[in-house]
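Ligands are counted one by one from 1 in listed order, and the atoms in each one are counted from 1 as well.
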Amino acid sequence: MKRIGVLISGGGTNLQALIDAQKSGILKSGEIVCVCSNSASAYGLTRAQNAGIPTKIIRKNADCGGDLDEFSHKICAYMKEMRVDVVVLAGFMAIFGGELLKEYADRIINIHPALIPSFCGKGMYGLKPHEAALEYGVKVTGATVHLVNEVVDGGRILMQKAVEVHDGDTPEILQRRVMEQAEWIILPQAVENFCAESENK
Ligand code: GAR
């Protein structure tokens with residue numbers, strides 16, 4: 001059983017999907033052992049507490065003086081303290097490098113709300129990929145689960161799912177459809193596959 005640490009920044013619906021997948025048995029090769037947020041007001045913290053999962057807040061500015069290396073170091077130290085094997089970024093909006101990326105190389109999984117290589121990279125997070133997809137006029141978008149490396153949204157793709165764009169969609173409506181039809185399905189599935197495969201290595 002792999003020990004999973006989840007990093008969040010906001011609502012935590014992808015965290016909830018992981019918690020639900022653990023309850024239903026879809027996620028069975030890994031166990032969520034802690035949740036870390038870079039925002040004190042993230043509702044995902046409440047979701048974690050409701051599920052009995054230990055939480056921690058580590059903020060880049062308030063706790064690390066705005067220093068990205070210190071931020072990465074503090075998150076890494078917490079992951080190690082909790083004996084985490086696999087780190088999942090579930091709506092984590094801070095870019096980091098440094099120690100965490102080194103220590104957990106090829107063991108950090110991210111969910112991105114678009115079909116990489118479209119609408120991704122620096123600055124493309126949250127609602128922005130959906131705004132960009134609507135502006136471009138694509139008829140299909142979706143979500144991507146991928147490994148994290150030093151290139152933003154550039155690591156190996158683990159799973160993708162396409163979602164239709166409808167006439168009259170707003171970024172919010174499209175975001176919700178992508179979450180419901182893609183993110184909440186492929187994130188738990190990809191995390192399960194990854195944990196199961198690394199068990200067998
Ligand atoms: C999700 O759509 C996730 O894919 C996206 O932010 C949202 C978080 O929602 N992540 C990124 O944009 C990362 N670059 P949640 O907090 O409800 O899971």
Quick one: which ligand 1 atoms are inside 4.0 Å of a heavy atom on [X]?
{"X": "Met179", "answer": "1 (C), 2 (O), 9 (O), 17 (O)"}
{"X": "Glu183", "answer": "1 (C), 2 (O), 3 (C), 4 (O)"}
{"X": "Pro113", "answer": "2 (O), 4 (O), 5 (C), 10 (N), 11 (C), 12 (O)"}
{"X": "Gly11", "answer": "16 (O), 17 (O)"}
{"X": "Gly126", "answer": "11 (C), 12 (O)"}

Evaluate the side-chain proximity of Ile109 to Val145: yes if any heavy-atom separation is below 4.5 Å, no if none is.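 A side-chain contact exists here, since the closest heavy-atom pair is under 4.5 Å.
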Can you check whether Ile75 reaches Phe92 side chain to side chain, under 4.5 Å on heavy atoms?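 They are in side-chain contact.
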Within the distance-only criterion (no hydrogens, no angle test), does the side chain of [X] pair as donor or acceptor with the backbone N or O of [Y] below 3.5 angstrom?
{"X": "Gln160", "Y": "Ile116", "result": "yes"}
{"X": "Arg177", "Y": "Val163", "result": "no"}
{"X": "Glu99", "Y": "Asp69", "result": "no"}

Would you please determine whether Met93 falls within less than 4.0 Å of ligand 1 on a heavy-atom basis?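 Right, Met93 reaches ligand 1.
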Strictly under 4.0 Å, does any heavy atom of Ile111 approach an atom of ligand 1?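 For ligand 1, residue contact (heavy atoms, under 4.0 Å) with Ile111 is present.
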Show, in sequence, the C-alpha distance, side-chain angles and deciding distance for Ile32 and Val88, and conclude whether the side-chain contact (heavy atoms from CB on, under 4.5 Å) test is met. CA-CA 10 Å; Ile32 305 165; Val88 177; over 6 Å; no
Side chains of Ser37 and Ser39: any donor to acceptor distance under 3.5 Å?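 Per modelled atom types, Ser39 and Ser37 side chains form no pair under 3.5 Å.
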Report yes if some N/O of Asn14 lies less than 3.5 Å from some N/O of ligand 1; otherwise report no.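 Asn14 vs ligand 1: N/O contact under 3.5 Å present.
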Should Asp153 be counted as touching ligand 1, given the test is an N or O pair under 3.5 Å?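 No, no N or O pair falls under 3.5 Å.
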Considering only non-hydrogen protein atoms, determine which one is nearest to [atom] and report residue, atom name and distance to 0.1 Å.
{"atom": "atom 8 (C) of ligand 1", "result": "Gly91 CA, 3.6 Å"}
{"atom": "atom 16 (O) of ligand 1", "result": "Gly12 N, 2.8 Å"}
{"atom": "atom 14 (N) of ligand 1", "result": "Tyr125 CB, 3.7 Å"}

Residues Lys74 and Glu70 bridged, charged N to O under 4.0 Å: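 Yes.
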